[in-house]
Protein chains: 2
Amino acid sequence: MNRTTQKIAELDRVIHEPGRLMIVALLSAVEQADFLYLQHETEMNKGTLSSHLSRLEEVGYIEVVKTYRGKIPQTLLSLTAEGRQAFQQYRRRMKEAL
Amino acid sequence: MNRTTQKIAELDRVIHEPGRLMIVALLSAVEQADFLYLQHETEMNKGTLSSHLSRLEEVGYIEVVKTYRGKIPQTLLSLTAEGRQAFQQYRRRMKEAL
DNA sequence: AAAACCAGTTTGCACTGCCAACCTGAATCT
DNA sequence: AGATTCAGGTTGGCAGTGCAAACTGGTTTT
């Protein structure tokens, strides 16, 4: 297994998935974002977005805070330190591979 | 949808799949390779490798030639012009996205 | 008060990927 | 001749993803 192949094999599959890669890339740039903003930016439907967010939370890459903007519910998402680190490692490996 | 997100959404899913990304990256560097070489380099099992190769052939990204090395069968794989172009586009987009 | 609305979640279904096991066709070993 | 080996393909079971539709809990509209 050569260097490139090795790097590809080591890519974090949770982040590699395009839907989640978009989410993580967006969150890496903004400190915090809400569900609707992510939905608008990624153009994913609610269901798909919701399940990707659950997965990212499950592995500890994002923090999910359910709150209210006035009286309507708002879900705030942010990368955890672990998520930020995982994304940076992903970027590094992918760049090295390509 | 911002630039990064847009680029990620446009990534070619056939190539994005890590197993196939390894195959395409390997083939992009060697003109031609055989099945066993790819299996050794990628550490995939025969079944998985075989099905990824079928998929790549199906979309026209690789050419598959079944021949013989002495008396034992040998399957030779090579990127088509289209496959090479698709890989370059994939690399470009991924680099721009990250 | 009933109907429509909004933010999200859950569910059901189709499709894809992964792995192990089995299958094929030809060669080699005993 | 029968059993083993080898290259590679096919199959079956299981997990992950995408989408649409139904659902939940609360709010606004009529």
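Naming convention: chains lettered A, B, ... in sequence-line order (proteins, then strands); numbering from 1 in each chain. FYI, side chains are in, hydrogens and waters are out, and symmetry mates aren't considered; it's all heavy atoms of this structure.
Among B/I23, B/L26, B/V65, B/L53, the single residue meeting the side-chain contact (heavy atoms from CB on, under 4.5 Å) criterion with B/L77 is B/L53.
A salt bridge is defined here as a Lys NZ or Arg NE, NH1 or NH2 lying under 4.0 Å from an Asp or Glu carboxylate O, and A/E96 with A/R93 fails to meet this definition.
Rounding to the nearest 0.5 Å gives a distance of 11.0 Å between CZ of B/R20 and CZ of B/R13. Between the CG atom in A/L38 and the OG atom in A/S50 there is a gap of 11.5 Å [rounded to 0.5 Å]. Taken from CE in A/M44 to CE in A/M22, the straight-line distance is 4.5 Å, to the nearest 0.5 Å. Of the inter-residue distances, the one linking A/L21 atom CG with A/T42 atom OG1 reads 12.0 Å to the nearest 0.5 angstrom.
Contacts of residues 37-54 of chain A with DNA chain C (heavy atom under 4.0 Å): A/K46, A/G47, A/S50. Taking every heavy atom of residues 58-76 of chain A and every atom of DNA chain D, pairs under 4.0 Å involve A/K71, by number.
A straight line from CD1 of B/I8 to P of D/dT17 spans 16 Å, rounded to a whole angstrom.
Computed from C1' positions of five pairs at each end, the angle between the two local axes of the helix from C/dA1-D/dT30 to C/dT30-D/dA1 equals 20°, rounded to 10 degrees.
Between A/H16 and B/H16 the shortest side-chain heavy-atom distance falls below 4.5 Å. Looking only at side-chain heavy atoms (C-beta outward), B/Q6 and B/R3 stay at 4.5 Å or farther from each other.
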